[in-house]
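All remarks here apply to the structure that follows.
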Amino acid sequence: PPHADAIMGALLVGVVDPLPAVRQSCLACLADVSATLRFALHPWAVEILQCVGSALEGETDEAARRAACYLLALLLQSLGTEALTVLPASQLTSLYRRLKLLRDQPTRDEALHAHVLAALEQLRMLGHALVRGASDAASTDSGRDGRGGENGGVLSSLAGAASKPARAASMPLISELELDTSSVRL
């Protein structure tokens, strides 16, 4: 897209703004722009995950952390199993650990908790797609959200199971997700 550089640059700068409302807004906008760009996101993938990781770890504003979780969940949902060709598995593994810690922390922000659970669910679906193949994971998970399999549709629209190199690179993520990998052949 012709204006992607300018938009992504502005949003990535806004994520570190001193004002919490600007950080929150930029993180939420990054989610929508990332979902639109999908595979054209590659130049910014590492930076986006670093922004999410920083927000999950050190952000003091709950709304900004909520937006970071929303960003991660929407990004993973829009990419489906192709996430591992665009996003580094090591960063996803680190984010998964942070999300688990955030999930287990007591919070009064129900929306934050819901976004954390949504991001964890997207990572779980990604792990299952890698272990079992995208079409099997889509049929297993379709309908889970009560909207006629919208989540599974993302996975089923992709071509088959993830490639062997993608599975090999993602073994730390699969291990972290504590999935049964006995049937995975690399």
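Not measured: the values here are computed from a predicted model.
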Handout entry: Co-membership, hydrophobic cluster, residues L120 and Y70, 4.5 Å side-chain
Key =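 Per the 4.5 Å side-chain linkage, L120 and Y70 are not co-clustered.
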I'd like to know if the side chain of [X] and the backbone of [Y] have a donor-acceptor N/O pair within less than 3.5 Å.
X	Y	result
S78	L75	yes
R98	E57	no
S54	C51	no

What distance separates [X] [atom1] from [Y] [atom2], expressed to the nearest 0.5 Å?
X	Y	atom1	atom2	result
I48	Q91	CD1	CD	10.5 Å
L112	E62	CG	CD	5.5 Å
E110	R66	CD	CZ	11.0 Å
R103	Y96	CZ	OH	6.5 Å
L74	L30	CG	CG	11.0 Å
E121	L126	CD	CG	11.5 Å

Indicate yes or no: at least one non-hydrogen side-chain atom of [X] is less than 4.5 angstrom from one of [Y].
X	Y	result
L72	L99	yes
H42	T85	no
M125	L76	no
L49	W44	no

Taking all atoms of both residues into account, what is the closest heavy-atom pair of [X] and [Y], and its distance?
X	Y	result
A55	A68	CB-CB, 3.5 Å
A73	Q122	O-CG, 3.5 Å
L37	A4	CD2-CB, 4.2 Å

Show me the donor-acceptor pairs, under 3.5 Å and distance only, between side chains in residues 10-27 and residues at least two apart or in other chains.
from	atom 1	to	atom 2	distance (Å)
D17	OD2	L19	N	2.9
R23	NE	E59	OE1	2.9
R23	NE	E59	OE2	3.3
R23	NH1	D17	O	2.9
R23	NH1	P18	O	3.0
R23	NH2	E59	OE2	2.7

Handout entry: Pair V116-R65, side chain to side chain contact (heavy atoms under 4.5 Å, CB included): steps then yes or no
Key = CA-CA 9 Å; V116 167; R65 281 195 293 175; over 6 Å; no
